There are 2 protein chains.
Amino acid sequence: MSERGRPRSFDRAAALRRAMEVFWAKGYEGASLSDLTAAMGINSPSLYAAFGSKEALFLEATDLYTRSEGTDIWSTLEQAPTARLAIEGFLTETAKAYSQIDRPQGCLIALGALHQDSTQGLICQDLRRRRAENQTALERRLGRAVAEGELPADFDCQAAATFFATVQHGMSIQARDGATHAALMATASGAMAAWTTMAGVRPRDKRKAL
Amino acid sequence: MSERGRPRSFDRAAALRRAMEVFWAKGYEGASLSDLTAAMGINSPSLYAAFGSKEALFLEATDLYTRSEGTDIWSTLEQAPTARLAIEGFLTETAKAYSQIDRPQGCLIALGALHQDSTQGLICQDLRRRRAENQTALERRLGRAVAEGELPADFDCQAAATFFATVQHGMSIQARDGATHAALMATASGAMAAWTTMAGVRPRDKRKAL
DNA sequence: GTATTTATGTATCGATCGTTACATAAAGGA
DNA sequence: TCCTTTATGTAACGATCGATACATAAATAC
């Protein structure tokens with residue numbers, strides 16, 4: 001069926017991964033076609049034949065990013081036995097992921113396109129949707145903890161999810177500024193200090209942050 | 001002395017303010033010369049004669065931004081009678097500043113140039129320096145509180161400053177996503193919940209966040 | 001007055017942006 | 001073998017990027 005015509009001479013998946021890394025490092029507007037084709041090892045007509053356009057390539061790249069780079073963060077959030085461990089794991093995995101030395105620092109979803117016209121730009125809309133989904137995932141996990149009795153019924157899941165999502169966004173900028181893993185963990189610890197108060201824990205020992 | 005030659009036909013300070021707003025809304029790379037000259041009401045030769053280059057204009061614009069837009073945030077930090085009120089005011093003023101409806105959302109210093117090559121780009125270096133200065137201001141305020149006995153001697157000022165600075169950076173992205181003042185205040189409250197734990201307060205009433 | 005100095009508007013510079021025509025190469029179908 | 005189909009490399013498209021050359025306008029100095 002699809003075996004007609006001259007076969008593609010490059011690995012589409014590998015090229016997409018290279019494109020993802022370029023977008024990750026430079027953002028959507030900062031990544032030029034020259035940057036992309038150079039990293040992907042192909043010429044622009046091949047890029048357009050395989051991916052359609054720069055926009056479409058970015059959308060595929062962010063999808064790959066979501067499927068391949070954020071997994072530890074979100075699987076920890078879902079699978080941790082308690083909400084506290086879920087949030088702690090979420091923050092710890094974020095600190096780890098954002099300070100990998102062999103990768104661009106910070107998060108593609110958070111930093112990829114901050115300056116496009118949000119109401120018009122397709123790219124900006126897509127990233128914003130993904131950020132909203134992430135915050136919703138946090139809120140759902142907290143809601144589950146309320147339902148399970150781990151958190152008090154009057155716990156404000158939405159406010160807490162907003163707070164932790166915002167901390168994660170800030171960690172992207174912090175990472176871009178060259179923050180070490182330890183510095184990111186300082187932020188994670190700070191956020192967990194908030195948990196202690198928010199969850200209404202009466203501390204027997206006066207300080208037990210993270 | 002400087003009254004020789006044809007006088008400038010536009011208000012340099014007003015034009016700089018317009019340029020600042022464009023950079024604030026679109027970022028350094030996202031703001032084109034066309035955008036700038038249109039907003040400033042001048043032609044490009046006038047821009048270059050008055051400001052030198054796009055880079056120099058941006059640096060002047062960020063300086064104006066620092067002097068004119070961030071004042072409430074940082075004066076509150078310095079002048080509040082206690083560190084707790086200082087941090088609370090810092091966060092509250094940030095939430096207010098980042099959600100002004102008649103202005104670009106978020107912070108120019110935080111969002112202005114996230115994707116330039118950090119080691120090379122002059123713009124990126126300047127913004128990074130300003131972000132570092134802001135974090136240092138937080139750390140100094142906390143250190144003062146330790147010296148005054150408000151905070152315990154083993155209080156980790158650097159870690160706390162990192163945390164609160166990161167929260168503020170995250171609020172810029174949150175604001176860019178259209179967060180309301182209330183949503184930003186939810187984040188501020190979360191950060192103050194962290195304060196309660198970090199400062200080692202033994203809460204008599206179990207919850208008193210912000 | 002004339003000379004000098006600075007600013008403005010027009011028009012354009014070379015470089016780069018994202019994108020595509022076009023001829024050729026390499027595969028399967030007949 | 002010839003036709004169709006798809007991919008590749010070269011080369012270039014129009015648009016826009018940041019930045020300027022140049023002639024003219026408007027001020028002061030003499």
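Please read all numbers here as calculations on a predicted model, not as lab measurements. Chain naming here is simple, since letters A, B, ... match the order of the sequence lines and numbering starts at 1 in each.
Residue B:R6 places none of its side-chain N or O atoms closer than 4.0 Å to OP1 or OP2 of C:dT8. Contact annotation: A:R4 does not reach the phosphate of D:dT6 (side-chain N/O to OP1 or OP2, under 4.0 Å). The phosphate of D:dA19 has OP1 or OP2 within less than 4.0 Å of a side-chain N or O from B:Y48. Put simply, A:N43 has a side-chain N or O that comes within less than 4.0 Å of OP1 or OP2 on D:dG9. The side chain of A:S9 places no N or O atom within less than 4.0 Å of a non-bridging phosphate oxygen (OP1 or OP2) of D:dA7.
Side-chain N/O atoms of A:S34 and base N/O atoms of C:dT16 include no donor-acceptor pair closer than 3.5 Å. In this model, no side-chain donor or acceptor of A:S32 finds a partner on the base of C:dT16 within 3.5 Å.
Taking every side-chain heavy atom of A:K54 into account, C:dG18 is the closest of C:dA7, D:dA21, C:dG18. Checked against C:dT19, C:dA26, D:dA19, the side chain of A:P7 finds its nearest nucleotide in C:dA26.
When rounded to the nearest whole Å, the span between CD of A:E29 and C1' of D:dC17 equals 13 Å. Residue B:D11 contributes atom CG, which lies 15 Å from atom P of C:dA7 at whole-angstrom precision. Counting to the nearest Å, the C1' atom of C:dA7 and the CZ atom of B:R12 are 14 Å from each other. Rounded to whole Å, atom C1' of D:dT10 lies 15 Å from atom CD1 of A:I42. Rounded to an integer number of Å, the gap from B:F10 CZ to C:dT6 C1' is 12 Å. Nucleotide C:dG18 holds its C1' atom 14 Å from the CE atom of A:M40, rounded to whole Å. For the pair A:F58 CZ and C:dG18 C1', the interatomic distance rounds to 16 Å; values are reported in whole Å. Rounding to whole angstrom units, CG of residue A:L33 and P of D:dT10 are separated by 17 Å.
Side-chain contact between B:S189 and A:F163 is absent, with no heavy atoms from C-beta onward closer than 4.5 Å. Between B:C107 and B:Y65 the shortest side-chain heavy-atom distance falls below 4.5 Å.
Of the charged side-chain nitrogens involved, none lies within less than 4.0 Å of a carboxylate oxygen, so that A:E133 and A:R140 do not count as a salt-bridged pair.
Comparing A:A49 and B:P45 along DNA chain D, the residue whose closest nucleotide (by nearest heavy atom) sits nearer the 5' end is A:A49. Annotation: of the two residues near DNA chain D, A:L47 and A:S44, the 5′-most nearest-nucleotide partner is A:L47.
Annotation: B:E60, atom CD; neighbour count of heavy atoms from other residues, nucleotides and ligands within 6.0 Å is above 12.
Between the side chains of B:R131 and B:H169, no donor-acceptor pair is found at a separation under 3.5 Å.
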